[in-house]
Amino acid sequence: MTDKTNQKPQITYPCSWGFKVVGQDEDALRGAIKECLHENLNPDSGDRSFELGFSRASSKGNYISLTLNLVIQDEEERNALFRALADRPEVRMVI
């Protein structure tokens with residue numbers, strides 16, 4: 001029997017990818033996401049469109065989440081964008 005718990009998923013790039021980004025201030029969060037996209041997407045792939053939409057607010061209204069959908073070119077780009085988003089002070093969590 002093969003233990004599959006330590007295996008990485010097989011992802012074929014380029015592919016559509018979604019990030020859920022959580023923060024407190026929607027405008028600041030949107031700005032941080034757009035800056036991360038500008039700084040971390042592979043410039044050789046040209047201009048790329050993305051969808052950035054409101055996902056939900058917490059029950060007390062302290063946090064909101066936005067969903068970012070775009071085509072990712074490779075694993076390096078996906079990981080770089082994830083790290084860049086997670087490192088922003090406006091971002092509380094990236095899923």
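As the structure is a prediction and not an experimental result, all values here were calculated from the model. Hydrogens, waters and symmetry mates are skipped; everything else that's a heavy atom, side chains included, is used. The first residue of the sequence shown is numbered 1, and numbering continues consecutively from there.
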Colleague: If you measure from CD on Glu51 to CG on Leu70, what distance do you get to the nearest 0.5 Å?
Modeller: 9.5 Å
Colleague: Looking only at non-hydrogen atoms, find the nearest pair between Ala32 and Glu90 and report the distance.
Modeller: CB-OE1, 3.6 Å
Colleague: Give me the atom names and distance for the closest heavy-atom approach of Ala84 to Asn40.
Modeller: CB-ND2, 3.1 Å
Colleague: Is any side-chain heavy atom of Leu41 closer than 4.5 Å to one of Glu77?
Modeller: yes
Colleague: Testing the basics here: between Glu26 and Leu66, what is the closest heavy-atom pair and its distance to 0.1 Å?
Modeller: OE2-CD2, 4.1 Å
Colleague: Using a cut-off of 6.0 Å, state whether more than 12 heavy atoms not belonging to Glu76 lie near its atom CD.
Modeller: no
Colleague: Contact between Leu37 and Leu52 at the side-chain level, heavy atoms closer than 4.5 Å - yes or no?
Modeller: no
Colleague: Assess the residue pair Asn69 and Trp17 against the criterion (side-chain contact (heavy atoms from CB on, under 4.5 Å)); give the C-alpha distance rounded to whole Å, side-chain angles, the decisive distance to 0.1 Å, and a yes or no.
Modeller: CA-CA 6 Å; Asn69 293 304; Trp17 198 265; over 6 Å; no
Colleague: Kindly give the heavy-atom pair with the smallest separation between Val94 and Ala86, and that separation in Å.
Modeller: CG2-N, 3.7 Å
Colleague: Look at the side-chain heavy atoms of Ile, Leu, Val, Met, Phe, Trp and Tyr, link any pair under 4.5 Å apart, and say whether Ile33 and Met93 land in one connected group.
Modeller: no
Colleague: Tell me whether Ile64 shares a hydrophobic cluster with Val91, the cluster being built from Ile, Leu, Val, Met, Phe, Trp, Tyr side chains joined at under 4.5 Å.
Modeller: yes
Colleague: Once you round to the nearest 0.5 Å, how far does CG of Leu85 lie from CZ of Phe19?
Modeller: 6.5 Å
Colleague: So, Arg48 side chain and Val71 main chain: donor-acceptor pair closer than 3.5 Å or not?
Modeller: yes
Colleague: What are the two closest heavy atoms between Arg92 and Gly23, and how far apart are they?
Modeller: CG-CA, 3.9 Å
Colleague: Among residues two or more places apart or on two chains, list those pairs meeting salt bridge (Lys or Arg N to Asp or Glu O under 4.0 Å) that have a residue in residues 65-75.
Modeller: Lys8-Glu75, Glu75-Arg78
Colleague: If hydrophobic clusters are built from ILVMFWY residues whose side chains come within less than 4.5 Å, do Val21 and Phe50 share one?
Modeller: yes
Colleague: With side chains defined as the heavy atoms from C-beta onward, is the minimum distance between Asp25 and Leu29 less than 4.5 Å?
Modeller: no
